[in-house]
Amino acid sequence: MNYRVCLFNDLPDEAAYIRNTVFVKEQGFTDEFDAIDERSWHVIVYDGEKAIATGRVFSDSKTEYHIGRVAVLKEYRSFGIGKMVMNALEQKAKELGAEIIHLGAQCQAEEFYRKAGYEASGETFLEQMCPHITMTKKL
């Protein structure tokens, strides 16, 4: 496969398409896009010219960052693409001064984030009727 990873400081159409496909059409979320998109760095993984995965990273302080909206098109799951997205987002956060990264993981994806070095904390919570857990990683 000929994968490449690209970073953007605004929300590209390809990222919006992937998020709409995965979170809205596949999982039934309704509030997918928000003002945070405007202040985030967005990653897209391409297979040739086709955008196949995305995610975003943003900060609320100089040392604490948040990763979210990590999505991989269904036919590309279990090939390590999600890990590529996470690595690129973490690297960008490090470049920007991150010491800690937080994320709200869908409980069904908790193991994926654990393998990437994140630790769960607190109680599960519902986001659009989907159970999530807060996870954190120190860089």
Side-chain angles (χ1 to χ4, degrees):
M1 300 283 176
N2 184 25
Y3 300 126
R4 65 187 164 89
V5 178
C6 297
L7 271 159
F8 302 86
N9 63 359
D10 58 358
L11 179 65
D13 291 342
E14 298 101 319
Y17 170 79
I18 293 166
R19 286 170 48 186
N20 188 60
T21 300
V22 173
F23 295 123
V24 177
K25 293 179 180 174
E26 188 179 317
Q27 297 182 356
F29 287 87
T30 55
D31 295 328
E32 177 51 29
F33 302 96
D34 56 29
I36 294 171
D37 283 326
E38 298 170 15
R39 59 185 181 96
S40 296
W41 283 90
H42 301 268
V43 164
I44 296 179
V45 176
Y46 292 90
D47 179 7
E49 296 302 311
K50 181 179 181 178
I52 61 170
T54 191
R56 72 181 184 185
V57 63
F58 63 95
S59 175
D60 286 331
S61 75
K62 292 183 183 199
T63 59
E64 294 193 29
Y65 280 70
H66 299 268
I67 286 178
R69 304 306 204 260
V70 175
V72 179
L73 293 178
K74 188 179 270 186
E75 61 269 27
Y76 287 91
R77 292 180 196 152
S78 13
F79 296 110
I81 307 299
K83 185 174 181 177
M84 291 174 68
V85 171
M86 292 299 294
N87 289 343
L89 292 170
E90 288 176 6
Q91 183 59 42
K92 185 61 184 178
K94 281 183 195 176
E95 289 172 13
L96 296 170
E99 295 175 8
I100 297 173
I101 296 179
H102 304 283
L103 55 84
Q106 290 184 15
C107 289
Q108 67 179 359
E110 183 177 351
E111 187 59 25
F112 167 77
Y113 293 109
R114 278 191 195 284
K115 287 179 182 174
Y118 289 79
E119 294 182 14
S121 62
E123 300 291 321
T124 58
F125 60 94
L126 291 179
E127 189 170 306
Q128 294 197 48
M129 304 308 294
C130 178
H132 283 67
I133 184 90
T134 299
M135 301 187 79
T136 304
K137 180 178 183 178
K138 291 181 182 176
L139 301 176

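Residues: numbered from 1 along the sequence shown.
Pairs passing the salt bridge (Lys or Arg N to Asp or Glu O under 4.0 Å) check and including a residue from residues 126-139, sequence neighbours excluded, read Glu90-Lys137. Sequence neighbours left out, the pairs with a member in residues 32-42 that pass salt bridge (Lys or Arg N to Asp or Glu O under 4.0 Å) are Arg19-Glu32, Arg19-Asp37, Glu32-Arg69, Asp34-Arg56, Asp34-Arg69, Asp37-Arg56, Arg39-Asp60.
Residues satisfying the side chain to side chain donor-acceptor pair (under 3.5 Å) criterion with Gln91, sequence neighbours excluded, are absent altogether. Among residues two or more places apart in sequence or in another chain, the salt bridge (charged side-chain N to carboxylate O under 4.0 Å, His left out) test is passed with Glu111 by none. Thr136 meets the side chain to side chain donor-acceptor pair (under 3.5 Å) test with His102; sequence neighbours excluded. Among residues two or more places apart in sequence or in another chain, the side chain to side chain donor-acceptor pair (under 3.5 Å) test is passed with Gln106 by Gln27, Gln108. Shown here are the side chain to side chain donor-acceptor pair (under 3.5 Å) partners of Tyr17, two or more places apart in sequence or in another chain: there are none. For the ring-ring contact (aromatic ring centres under 6.0 Å, His included) test, no residue two or more places apart in sequence or in another chain qualifies with Phe112. Looking at residues two or more places apart in sequence or on another chain, you find a salt bridge (charged side-chain N to carboxylate O under 4.0 Å, His left out) between Glu110 and Arg114. In this structure, Tyr113 has no ring-ring contact (aromatic ring centres under 6.0 Å, His included) partners at least two apart in sequence or on a different chain.
Through chains of ILVMFWY side-chain contacts below 4.5 Å, Ile44 is grouped with Phe8, Tyr46.
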Can you list, pair by pair, the side-chain donor-acceptor contacts under 3.5 Å of residues 79-88, counting residues two or more places apart and other chains?
{"from": "Asn87", "atom 1": "ND2", "to": "Lys83", "atom 2": "O", "distance (Å)": "3.4"}

